[in-house]
2 protein chains.
Amino acid sequence: MTRIVDLAKMLNVAPSTISKALNNKPGVNPELRKKIVEVAEKLGYRRNPMAIYLKTKKSKVIGLVIPNVSNYFFGKLVLSIEKCLYERGYQYILSNTDENEEKEMEYLQTYSTYDVGGIISVTALVTMKRKMVQAYNSFLISGKPVVFVDRIIKGLNASYVVLDNTGAAFEAVEYLVKNGHRRIGVIIGPKGVYTSEKRLEGFLKAVNTFGIDFREDWMVKGEFSLKTSYENVLNAFSNLKEIPTALVALNNMMAMGALEAFKELGIKVPEDVSILTFDDMPWHKFFDPPLTSISQPIEEMSILSASILLEEMRNPHKKKRAVVLKGKLVERGSVLNIK
Amino acid sequence: MTRIVDLAKMLNVAPSTISKALNNKPGVNPELRKKIVEVAEKLGYRRNPMAIYLKTKKSKVIGLVIPNVSNYFFGKLVLSIEKCLYERGYQYILSNTDENEEKEMEYLQTYSTYDVGGIISVTALVTMKRKMVQAYNSFLISGKPVVFVDRIIKGLNASYVVLDNTGAAFEAVEYLVKNGHRRIGVIIGPKGVYTSEKRLEGFLKAVNTFGIDFREDWMVKGEFSLKTSYENVLNAFSNLKEIPTALVALNNMMAMGALEAFKELGIKVPEDVSILTFDDMPWHKFFDPPLTSISQPIEEMSILSASILLEEMRNPHKKKRAVVLKGKLVERGSVLNIK
DNA sequence: TTGTACGCGTTATCAT
DNA sequence: ATGATAACGCGTACAA
């Protein structure tokens, strides 16, 4: 590895001059600077982030908290965020929390020892809210910005980038009503989870607005997982005297669970029940039937969150931003027009 | 952040004593050690990896080269590897190469400045092989182990963990033959890609062994991507006078591409053509028809590669290991028995 | 058991 | 405009 001192010796100048030249600081003869840059390039000099941090205390490493990279949505998020960061010379530490708050707390701890300069977080499903708030707050008060993506923790003065979950859920129901459905069920996620609650809020608002039937026993708890959703849908629909004509899944795992349960029960989709799910996936079009889904602007979310974070790292007293993006309903074959 | 000196002051002992106590080294009074561990715990002391590295030159950061985390297979791989590493106090730098060798080279460069202690690599599709070999070799000769997963670069003395691609492809064809198929096509990946070549090798071996028909124009180039596969299958099957009764896709993206092309051409799966694909995905069972797939032991691959790497980091002169794992054929509905 | 020098590459500061 | 050099940080090895 070529170092600044190596370049200095090579060119018979002082290390400080090399440093100034490479960092575009004033006080270097333009010709000399050009030569220095040239030689640095040729010898493949690369700045040493550790040493720079040692000296300047400005870390170019950011913490990236994600529930689970093997989920397509989060994988894409990581991918685009990495791209943004890499282009600007930042590194990141990826932390898979597995939706486990304790694990998330653990990871936040390690961030201190690695001196991350900021955090982008899709925070885990929260129950021990107080501790979590405290943990994130300790970063915020020490001037390290945090940007929340997809999910918010209330009571924290941090920027965030989320979907208009309420609006999207409203539109989902509206679409079903337009297709003649008046008996609509829903598979919900865990209590206290931001996305689930917001989506349910929009769902209920629409039910109210359009004055359609709604029953408590058409609301199935799915815990945002395939297995739970499968079990609870199986249970609910085998006991129901009157089943809804359509079902909204508040995430895609739960839609798969429902599909599996329906297959077992001999309930045909969409003939017997229509399905509409949150989170569009590239393979939904190959499903039987092709799944009508709500797609999220993942790329936009990633780019926004990364640039907001970087901006706040540069300028710690910047006003926090609250970004809410629109979803898009992708029509396919899992919703039947029963008008 | 509590530091060793803080603990030392607090307990009126020397920093070196604290260090020894916390690292289970001899030369500390058992009672004192107990007290030190206790106080360290209470004050939330966490060792500083940077400082340890500074002193010992032993980095606990490892480089993780992955084509694309948003691909389920690689996402799972990252997840399990992270788990292994985290448990033993290691951190990792994730690098998405996007199957781009130049990007991979770039990332390998940054590894030097972050002083990674070792590398786990699913290396990108290689054409500039020489440069790549050189890059990895420079790590190997400086005593930093590299473990290749899923794909191998020839001419490198490094451990690897891969699937028995040839065997799995052979079994795929064998299964089709058992179901009465004698005209079998294949969608292949890019030239020079380890997994594609090995799988094709097994395919051809089986064709030979079972003495079934094979034609050059039943071999479609899919480049391991949905789009290319779609285009080429569309093209090939609209010109073919006689189409095969079954098609093996050498990865799941290409299977989706074929599915899309068949839909457009009005070719029914599995009535007109059976499909069998590499890479089982959790959603394949919901496809129309449910996709018969070859599943890989992702978890096992991850755990093995992580432990081999860690072992070699501890013991640099350990003999390199070559691990080949078996795939498993998951029967579903996309292969028709035409006997 | 203690005290302390040392390791690293960069950069800020002050002198020339 | 350029040079010389002292930090910067924290854990550890080694001599006492």
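Per chain, numbering begins at 1; letters A, B, ... match sequence-line order.
Annotation: cation-pi geometry not satisfied between A:K144 and A:F139 (NZ/CZ under 6.0 angstrom from ring centroid, within 45° of ring axis).
Rounded to an integer number of Å, the gap from CG of B:L7 to P of C:dT1 is 17 Å. B:K35 places its NZ atom 11 Å from the P atom of C:dT1, with the value rounded to the nearest Å. In this entry the distance linking CD of A:E31 with C1' of D:dA1 reads 13 Å, nearest Å. One can place CG of A:N24 at 16 Å from C1' of D:dA1, the figure rounded to the nearest angstrom. Rounded to whole Å, atom P of C:dT2 lies 13 Å from atom CZ of B:R33. Summarising the geometry, the separation between NZ on A:K9 and P on D:dA4 is reported as 13 Å, rounded to the nearest angstrom. Atom CG in A:N29 sits about 11 Å away from atom P in D:dG3, given to the nearest Å. Rounded to whole Å, the distance from CD1 on B:I36 to C1' on C:dT2 is 12 Å.
Shown here are the ring pair (Phe, Tyr, Trp, His ring centres under 6.0 Å) partners of A:Y53, two or more places apart in sequence or in another chain: there are none.
A donor-acceptor contact shorter than 3.5 Å is absent between the side chain of B:S80 and the backbone of B:S302. Within the 3.5 Å criterion, the main-chain N or O of A:V161 finds no donor-acceptor partner in the side chain of A:D150. Remark: the backbone N or O of A:K25 is paired with a side-chain donor or acceptor of A:R33 at under 3.5 angstrom.
A:L32 comes within 4.0 angstrom of sugar-phosphate atoms only, judged by non-hydrogen atoms across all strands, and of no base. Using a 4.0 Å heavy-atom distance criterion, A:D115 is classed as making no nucleic acid contact.
No hydrogens or angles considered: nothing links the side chains of A:S59 and A:Y114 as a donor-acceptor pair under 3.5 Å. The closest side-chain donor-acceptor pair between A:E106 and B:Y86 falls under 3.5 angstrom.
Side chain of A:T17, nearest nucleotide from C:dG3, D:dA1, D:dG3: D:dG3.
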Enumerate all atom pairs, one protein N or O and one N or O from nucleotides 8-12 of chain C, separated by less than 3.5 Å.
from   : atom 1 : to    : atom 2 : distance (Å)
C:dG9  : OP2    : A:R3  : NH1    : 3.0
C:dT10 : OP1    : A:Y45 : OH     : 2.7
C:dT10 : OP2    : A:I4  : N      : 2.8
C:dT11 : OP1    : A:N23 : ND2    : 3.4
C:dT11 : OP2    : A:S19 : OG     : 2.8
C:dT11 : OP2    : A:N23 : ND2    : 3.3
C:dA12 : OP2    : A:K25 : NZ     : 3.2

